[in-house]
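Please read the structure below before turning to the comments.
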Amino acid sequence: LAFKVGPNFFRPRPKVESAVVVLERLPAGQEPGTPDHLSQLIKLCFQHRRKQLGTILKPVWNSEVQGWLETQGLGTRVRPEQMTVAQFNYLALLLFA
């Protein structure tokens with residue numbers, strides 16, 4: 001968030017405040033590997049948002065996924081909204097690459 005912009009700067013005057021947001025590129029090596037793979041994982045997970053990862057990923061589950069979850073301190077009972085962006089990115093690469 002760079003700064004807020006009040007409604008008096010617009011015509012017609014809105015009933016909300018606006019803001020200017022600065023977006024920065026991720027450092028090299030941290031960008032999503034394949035946007036299609038990441039999109040596929042996010043869609044899969046958030047179609048079943050209140051379900052646990054073990055249930056959601058059952059069709060694509062393997063020992064590699066199990067090992068990675070353990071190294072991240074995540075279990076099969078974690079829910080998708082508890083994961084970080086980096087974890088989603090790596091899991092997408094692990095599952096679909």
Side-chain angles (χ1 to χ4, degrees):
L1 176 67
F3 56 88
K4 292 184 179 181
V5 180
N8 55 330
F9 287 96
F10 299 94
R11 297 280 182 254
R13 186 177 177 165
K15 296 178 181 174
V16 296
E17 284 193 1
S18 298
V20 174
V21 179
V22 177
L23 302 175
E24 297 178 8
R25 285 188 175 267
L26 290 171
Q30 290 185 11
E31 59 274 315
T34 305
D36 291 339
H37 294 158
L38 186 58
S39 175
Q40 188 177 352
L41 176 62
I42 290 170
K43 183 176 180 180
L44 176 67
C45 286
F46 287 99
Q47 284 178 336
H48 309 285
R49 187 167 172 219
R50 295 304 306 155
K51 300 263 185 202
Q52 298 170 344
L53 219 51
T55 303
I56 296 168
L57 299 179
K58 189 177 265 185
V60 292
W61 195 264
N62 60 40
S63 60
E64 205 173 358
V65 171
Q66 179 70 40
W68 178 79
L69 285 173
E70 290 171 5
T71 64
Q72 294 295 302
L74 303 171
T76 57
R77 300 184 74 189
V78 70
R79 298 186 191 281
E81 62 266 22
Q82 296 172 296
M83 294 175 55
T84 66
V85 173
Q87 289 170 331
F88 265 105
N89 188 33
Y90 190 83
L91 187 57
L93 292 172
L94 191 65
L95 289 173
F96 304 114

Hydrophobic cluster identity match, [X] and [Y], side-chain contacts under 4.5 Å:
| X | Y | result |
| --- | --- | --- |
| Leu91 | Ile42 | yes |
| Val22 | Val5 | no |
| Val60 | Met83 | yes |
| Phe3 | Phe10 | yes |
| Val85 | Leu74 | no |

Just how far is it from atom [atom1] of [X] to atom [atom2] of [Y], taken to the nearest 0.5 Å?
| X | Y | atom1 | atom2 | answer |
| --- | --- | --- | --- | --- |
| Trp61 | Leu95 | CH2 | CG | 9.0 Å |
| Glu17 | Phe9 | CD | CZ | 11.0 Å |
| Leu69 | Gln87 | CG | CD | 9.0 Å |
| Lys15 | Arg13 | NZ | CZ | 11.5 Å |
| Leu38 | Lys43 | CG | NZ | 14.0 Å |

Under the criterion side chain to side chain contact (heavy atoms under 4.5 Å, CB included), I'd like the reasoning laid out for Asp36 against Phe96: C-alpha separation, chi angles, the key distance, then a yes or no.
CA-CA 9 Å; Asp36 291 339; Phe96 304 114; over 6 Å; no
Can you see which heavy atom on [X] is nearest to which on [Y], and at what distance?
| X | Y | value |
| --- | --- | --- |
| Pro80 | Phe46 | CB-CZ, 3.8 Å |
| Leu53 | Cys45 | CD1-SG, 4.1 Å |
| Leu41 | Ala92 | CD2-N, 3.6 Å |
| Lys51 | Arg79 | C-NH1, 3.7 Å |

Run Thr76 and Leu57 through side chain to side chain contact (heavy atoms under 4.5 Å, CB included) and show every step you take.
CA-CA 9 Å; Thr76 57; Leu57 299 179; over 6 Å; no
Parallel, tilted or perpendicular: which fits the ring planes of Trp68 and Tyr90, with parallel below 30° and perpendicular above 60°?
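Answer is parallel, since the angle falls under 30°.
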Is the shortest heavy-atom distance from the side chain of Ser18 to the side chain of Lys4 under 4.5 Å?
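They are not in side-chain contact.
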